[in-house]
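Both ligands and their constituent atoms are indexed starting at 1 by order of listing.
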Amino acid sequence: MTIIVTSKNGLVGIQAAMEVLRDGGSALDAIEAGIRQVETNPDDHTVGYGGYPNLLGQVELDASIMDGRTLAAGAVGAVRDYPHPISIARKVMEYLPHVLLVGPGAERFAAEMGFEQEDLLTEAARQVWQERLRANMSDETLAQLAAQPDLWRWAKTVTSDPEQVGCTVNFIAQDAQGNIGAGVSTSGLAWKYPGRVGDSPIIGAGIYADNRYGAATCTGVGEMALRAGTARSVVLYLKMGFSLTGAGQQAMADLDDLTASAGGRMNLIALDSAGGHVGFSNAKDTTYLYMTAAMSEPEEAPRLHFPTR
Ligand code: ASP
């Protein structure tokens, strides 16, 4: 079935992605086109340009893409100054004998591939960053933050704030040929320790796609999906014969087994090879989007609530 499933913030890109599929484009082309729109959106402070920065005020982006036909994948982590990490991730998949590049190496590769640099920190994001830090530290500490010998203590304080902002964009698509792909892009947890990489660019944690069974992608506190291998778990449970809902439930239950300092939001969306889809969250009243080629507008669907500790 020709279908796209996204996290709710995929709304700004889902029509562009569907246009690609309607024109006969591949699932990967659709995912990249859709996610690029979200990365460009300055009002989305969790992805690409305008994303909230790390503790030192630097925007660091993570992204990944996976091809369900071949299980090929590409990813980048902690990339600065490039607004479209999803496209860099795709080039990693297509041009390198590697899956994941991080930091300066990823930026060097982006330059070699001809991507343009851009300052990603908007004034709106900078102000929120500064206010949040001011609520936790003196102006003097803030001015000297980069020189603090124990920056890790501040990372613990600021990122343990229950209102800490984070999110990510997830796209899963099945094209007219029945091929499945998945893509994820994020600025990660706001005020994270510099160099922190979450689940989004880790194949198996935040993303997995296999034509034979389906695909899954995650948003939420990446440390949880990293520890539980959540996206791969969903697909493996499908392979083991679970229904789509059963596979999602099992993967959420695995998150509940993370007893040491777990906690936090975790959400997933999943698609099976027949075009069935589902969303899960450990928070109440959350939704995701889906759109088939027959629909003129995306539909919002409730995520199944699965509380975890
Ligand atoms: N999963 C992302 C990360 O941990 C953040 C989020 O989706 O809230 O980097």
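Considering backbone and side-chain atoms together, G222 places an N or O closer than 3.5 Å to an N or O of ligand 1. Close N/O approach between T168 and ligand 1 is found [any backbone or side-chain N/O within under 3.5 Å]. Among the atoms of C167, some N or O lies under 3.5 angstrom from an N or O of ligand 1.
Contact annotation for R196 and ligand 1: only side-chain heavy atoms (C-beta onward) come within less than 4.0 Å of the ligand.
A ring-centre distance under 6.0 Å is not found for W152 and Y193. A centroid separation of less than 6.0 Å is found between the aromatic rings of Y288 and H277.
Within ligand 1, the atoms closer than 4.0 Å to a non-hydrogen atom of G220 are 1 (N), 2 (C), 3 (C), 4 (O), 5 (C), 6 (C), 7 (O), 8 (O), numbered from 1 in the order shown. Per-residue contacts place D199 under 4.0 angstrom from the following atoms of ligand 1 (heavy atoms of the residue considered): 1 (N), 2 (C), 3 (C), 4 (O). Near T219, meaning under 4.0 Å from one of its heavy atoms, ligand 1 places the atoms 7 (O). Atoms of ligand 1 found under 4.0 Å from any heavy atom of G188 (numbered from 1 in listed order, with element): 9 (O). Each of the following atoms of ligand 1 lies closer than 4.0 Å to a heavy atom of R265: 8 (O).
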Take R69 and S26 through the test side-chain contact (heavy atoms from CB on, under 4.5 Å) and record every step on the way to the result.
CA-CA 11 Å; R69 284 175 303 187; S26 70; 5.6 Å; no
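A cation-pi arrangement is present between R232 and Y208, with the terminal nitrogen or guanidinium carbon under 6.0 Å from the aromatic centre and inside a 45° cone about the axis.
Distances from ligand 1 to the non-hydrogen atoms of K192 include no value under 4.0 Å.
The main-chain N or O of T46 is found under 3.5 Å from a side-chain atom of S187 such that the two form a donor-acceptor pair. At distances below 3.5 Å, at least one donor-acceptor pair connects side-chain atoms of H305 with backbone N or O atoms of N282.
Ring-plane geometry between F280 and F306 is classed as perpendicular, the angle between the planes exceeding 60 degrees on a 0 to 90 degree scale with a lower cut at 30.
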